[in-house]
Q: 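Sharing a structure, written as structure tokens. Questions coming.
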Amino acid sequence: MGSGRKGVEVSIAMADAVAQADVDVIAAYPITPQTHIVEHLADIVADGELDAEFVPVDSEHSAMSVCCGSAAVGARTFTSTSSQGLALMSEIFFITAAMRLPVVMALANRSLSSPLSIWNDHSDVMMVRDAGWIHIFIENGQEAYDAIFNSFRIAEDPDVMLPVAVNMDGFILTHMIEPVEYVDNELVKKYIPEFKMKNALHPDCPISMGCFGMPEIYTETQMNREVGVVNSYPVIIKAWEEWGQLTGRHYHPVETYLSDDAEYCIVTMGSFGETAMEVADMLREEGEKVGVVKIRLWRPFPLDEFRKAVLGKKGLIVIDRAISFGGPGGPVASEVRSALYNKKGAPVVVNYVAGLAGRDVSRKDFRNIILEGKKKAESGDTEGFTLYGVRG
Amino acid sequence: MDKYSVFSARLVEQTEYMASGHRACQGCAEVLALRLVLKALGRDTIVAMSTGCMEIISSPLPLTSWNIPWIHNAFENSSAVVSGCESGMKAMMRKGKLAPKKINFVAMGGDGATADIGMGPLSGALERGHDMIYVCYDNEAYMNTGIQRSSSTPYGASTTTSPAGKASIGQQTRKKNMPQIAVAHNVPYVATACPSFPFDLMEKVKRAAEIPGPAYLHILSVCPTGWRIPPDEAIRYGRLAVDTCMFPLYEVVDGKYRLTYRPNPVLPLKEYLSGQGRYRHLTEKDHEKIESMMKSDYEKIVKLSDEV
Ligand SMILES: Cc1ncc(C[n+]2csc(CCOP(=O)(O)OP(=O)(O)O)c2C)c(N)n1
Ligand code: SF4
Ligand SMILES: [Mg+2]
């Protein structure tokens, strides 16, 4: 694989990162737009470049189940899916987190049926928002590659022991060819040393995993999960800091662009962030004081950092890529509103849902959303959400 | 019991890998089967278990009855979970991350977990060829959730979702033939067993563990609660099932069938059916119909066994 800068499809870069992480087990089932990742991993294993078990499972439900078994014996474990695959495996997706099994998943975000659609939005991941996984959103190929190492580092930390999903926009990111700076294997070994699980299943240590909980104990088990997810936060920060020191590439739970003096900020998650920054530049030239706030870490939700980034602004225009039918707004906007409720200096929040199932959101669309959103904010029209560009 | 290593009760492994004090009903032959399976497997075993009676009765937090490493994940996926355990350990041992050791990777589930909801994952695991054993404890219904029918419930049995009534005989479909479905996967070892024949059962478990690749064991596990029989009759009903040819004991090694026990004399089916509450509503005519189904099933197995 070799280190250095390469022009490479983002899926391939991600698969290469998984191989460099020296995983022991890969279990996945094909679904567009995740396929290139696992196909490439199958190639790497078949060529003997990675010594791992590639388990070609019968379904995504089995994929996640195999991952649970593999992580439970202490093996470094990777999987990847999208949309219907995630829906089918969702039962086990929840259990993986509950059993504190440090599986890493590349989640190529795609819309949910019906109608069947293979294109990108965030409806799949929002369905499992409350499963207890750590969720990272990325914006470009370099981040995809880096996030794999960060995720194993975080997931396998003895103070965390939780599964991590790397969310990336299907096609928009997975199928792009981008320049990606590869790291060398020595650096990887240093950053993520061999996984040594404390309580792995082994005949020398006959533990029981996945026991059944009566009402007298169930609540305590859930508290344990909550504490686990919340406590992962400092580990995540440290993992990113160290990565920054090693590679010069720095990541933060909330990232901002031109936001210091901005009156209005666009809030995005995923690949929208890149367009949003370009549009902010455009609008700045027109004299609009706008900035961008990008949420990289979705779970645990970075409440403090987010508030620090936005308190004192006049308004936020939150762009969601999923609907909560009959709800108060898109999932990101709901989170943002509750993060700001009762806070001094809280900006008003206007919510748009856009780009469902890969519907293109151009710079012009972004500009419209921001200018219209600003007007809404000024006039106090801040309830619910607007489905941008819907016809009829 | 020819061709078997000699067993005597005293020579059986004394260690209990399934501790007493679990919460199974009195007279449960499913937990007896489980106990015997574990004795035959020994300590170097990892068990992945499906949701069901055996899981619930053995693992109420913070207690456990398991003296070997055990994992429960969900209802339908023990075969996939064990595939993961096996794959993970295989990779780590090969890569020098874990000391090499022969470990039995065993998935276990009830008939519902096996023949219904977990059929896809089981088929996948058998087809992929993991070095594992799948054990189905067949008590012929979903007992854990209150005696609902499964596709392994025999024709005519009354359950809470196939109740006998004026317009229904109870279960209207024939028992799904799981062992033969396993055989169709070309796995090296498939066997049926019943804890009323403990040595036969343990011998088969040992063989399944010795043979590399996937093995499938189908164990008839009498459930006094669901079959509506007195708790002290479970062993007798297991014997009756076998001695009436309702549940033949056989093994299939590399596709070759062999009856491991031929009842002599064959007991009348009526003896098996008549004492069970789940068959209480059946008429003489129903008995005859069940007998003819049973005969044709049994003859198929005899024929396959005689071929070799
Ligand atoms: C996905 C899912 N569906 C349904 C259930 C409810 N459920 C738990 S155990 C069980 C029946 C178990 O039957 P079987 O596999 O035959 O085992 P037994 O209890 O009879 O030993 C059912 C329906 C569940 N836990 N998960
Ligand atoms: S319901 Fe049947 S199988 Fe379940 S514990 Fe009781 S006797 Fe055993
Ligand atoms: Mg059952």
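So that the names make sense, note that chain A is the first sequence line, chain B the second, and so on, each numbered from 1.
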Q: Using non-hydrogen atoms and a 4.5 Å limit, figure out which bit of B:Ile46 sits close to chain A: side chain, backbone, both or neither.
A: side chain
Q: Any side-chain donor-acceptor pair under 3.5 Å between B:His185 and B:Ser123?
A: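 A donor-acceptor contact under 3.5 Å links the two side chains.
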Q: More than 12 non-hydrogen atoms from neighbouring residues, nucleotides or ligands closer than 6.0 Å to NZ on A:Lys190, yes or no?
A: no
Q: Which atoms of B:Asn67 come close to chain A, meaning under 4.5 Å heavy atom to heavy atom: side chain ones, backbone ones, both, or neither?
A: backbone
Q: Find the one option among A:Met99, A:Met214, A:Met64 whose heavy-atom pairs under 4.5 Å with chain B are most numerous.
A: A:Met99
Q: To the nearest 0.5 Å, tell me how far B:Thr225 OG1 sits from B:Glu30 CD.
A: 10.5 Å
Q: What orientation do A:Phe93 and A:Trp133 show, parallel under 30°, tilted 30 to 60°, or perpendicular over 60°?
A: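 Rings of A:Phe93 and A:Trp133: parallel, as their planes differ by under 30°.
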Q: Test B:Ser152 against every option in B:Asn139, B:Asp138, B:Asn177 by the side-chain hydrogen bond (donor to acceptor under 3.5 Å, both in side chains) rule and name the one that passes.
A: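 Passing option: B:Asp138.
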Q: Does the ring centre of B:Tyr216 sit less than 6.0 Å away from the ring centre of B:Tyr189?
A: no
Q: Contact part of B:Glu76 toward chain A, heavy-atom cut-off under 4.5 Å: side chain, backbone, both or neither?
A: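 The side chain, not the backbone.
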Q: So what's closer than 4.5 Å to chain A heavy atoms on B:Arg128: side chain, backbone, both or neither?
A: side chain
Q: Pick from A:Ala75, A:Gly213, A:Ser65: which one has the most heavy-atom pairs with chain B under 4.5 Å?
A: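 The answer is A:Ser65.
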Q: Output the option from A:Gly74, A:Ala72, A:Ala200, A:Ala71 having the highest count of non-hydrogen pairs under 4.5 Å with chain B.
A: A:Gly74
Q: Which region of B:Glu127, side chain (C-beta onward) or backbone (N, CA, C, O), has a non-hydrogen atom less than 4.5 Å from a non-hydrogen atom of chain A, or is it both or neither?
A: neither
Q: So what's closer than 4.5 Å to chain A heavy atoms on B:Ser87: side chain, backbone, both or neither?
A: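 The answer is both parts of B:Ser87.
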Q: Which atoms of B:Ile71 come close to chain A, meaning under 4.5 Å heavy atom to heavy atom: side chain ones, backbone ones, both, or neither?
A: both
Q: For each of A:Ala27, A:Ser59, A:Pro56, tally heavy-atom pairs with chain B at distances under 4.5 Å, and name the one with the top tally.
A: A:Pro56
Q: With only heavy atoms counted, which part of B:Lys97 is less than 4.5 Å from chain A, the side chain, the backbone, both or neither?
A: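 Both backbone and side chain of B:Lys97 come within 4.5 Å of chain A.
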Q: Under 3.5 Å, is there a donor on one side chain and an acceptor on the other for B:Ser58 and B:Trp66?
A: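 Present: a donor and an acceptor within the cut-off.
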Q: Near B:Gln26 CD, under 6.0 Å, is it more than 12 heavy atoms from other residues, nucleotides or ligands?
A: no
